[in-house]
Novice: 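Just passing along the structure, written as structure tokens.
Numbering of ligands and ligand atoms starts at 1, following listing order.
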Amino acid sequence: MIYYDKVSKKYPDSSVALDNVSFGVEPKEFITIVGPSGAGKTTLMKMLIAEEWPSEGAVFFESANIHRLSKKEMIKLRRRIGTVFQDYRLIPNKTIYENIAFAMEASGRTDREVASDVPHVLELVDLGHKIWNFPKELSGGERQRVAIARAIVTQPDIIIADEPTGNLDPTNTYEIIRILRKINELGTTVLLTTHNKGVVDTIGGRIITMDKGKVIKDDKNGKYIL
Ligand code: ADP
């Protein structure tokens, strides 16, 4: 589904974010990418949505080179990838309903689809009762669940979750991981990054360990112990 082919990324100040990274992602996998801050995890994720360009190598999505797609093809690809970030990225002056509706409208959904799908997706993350609240009235864990709802409402093939638990306590971290696992079981590929080894211990599954821009371990045989 996705293939990183000998991808390196050097920034103009000569810092090396990725150093000859190769690996593939199969449909419906749940992959955790772990490594210390600065290891290159975010850069790796940004490649998939063409927010970063490789200095060498290529990234393929279903055999198309992502960085050679036309603008129109890129828009199509972006609609197949949902994103979740550490800082939630909700729009502060919009309600939870409006935040999710906004993402749906941006991907061409009708008012009718919005009206039926927003309550449904919020139920999925146990936040149906917060639909008319504003982001500032929610806890960090709840905000992240809204961000996940927004990412999945358009039914993407892949979810990229870049340090989604970075600002959360252990209870909320566990809850976010549980929701991501549930989404994965429903058929969505999940790529999760974290610098927190404790998080990794609770997830198991395929773990890719990065350090200084390199993949130093790709362990396909972990077990889910949640
Ligand atoms: P991680 O997500 O694992 O913390 P990043 O992918 O954010 O790692 O960063 C990897 C390396 O690339 C770090 O050394 C970082 O300082 C560097 N880096 C990231 N973005 C830029 C940038 N825009 N310009 C220069 N260096 C960058």
Novice: Side chains of Asp13 and Ser15: donor-acceptor distance under 3.5 Å anywhere?
Specialist: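 Yes, side-chain donor-acceptor contact under 3.5 Å.
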Novice: Is Lys9 positioned over the aromatic face of Tyr11, cation under 6.0 angstrom from the ring centre and no more than 45 degrees off axis?
Specialist: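 Lys9 over Tyr11 ring: yes.
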Novice: Any heavy-atom pair between the side chains of Val7 and Asn20 that's under 4.5 Å?
Specialist: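 They are not in contact (no side-chain heavy atoms under 4.5 Å apart), so the answer is no.
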Novice: For Ser139, is there any backbone N or O sitting under 3.5 Å from a side-chain donor or acceptor partner on Glu142?
Specialist: yes
Novice: Which residues, ordered by chain and number, are linked to Leu186 in its hydrophobic cluster, where ILVMFWY side chains connect at heavy-atom gaps below 4.5 Å, directly or through other members?
Specialist: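 Besides Leu186, the hydrophobic cluster comprises nothing; the residue is isolated.
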Novice: If we check side-chain contact (heavy atoms from CB on, under 4.5 Å) with Arg150, which of these qualifies: Ile96, Asn99, Thr83?
Specialist: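 The option that passes is Asn99.
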Novice: Kindly tell me which protein residues have any non-hydrogen atom under 4.0 angstrom away from an atom of ligand 1, grouped by chain and ordered by number?
Specialist: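 Ligand 1 pocket, heavy atoms under 4.0 Å: Tyr11, Asp13, Ser15, Ala17, Pro36, Ser37, Gly38, Ala39, Gly40, Lys41, Thr42, Thr43.
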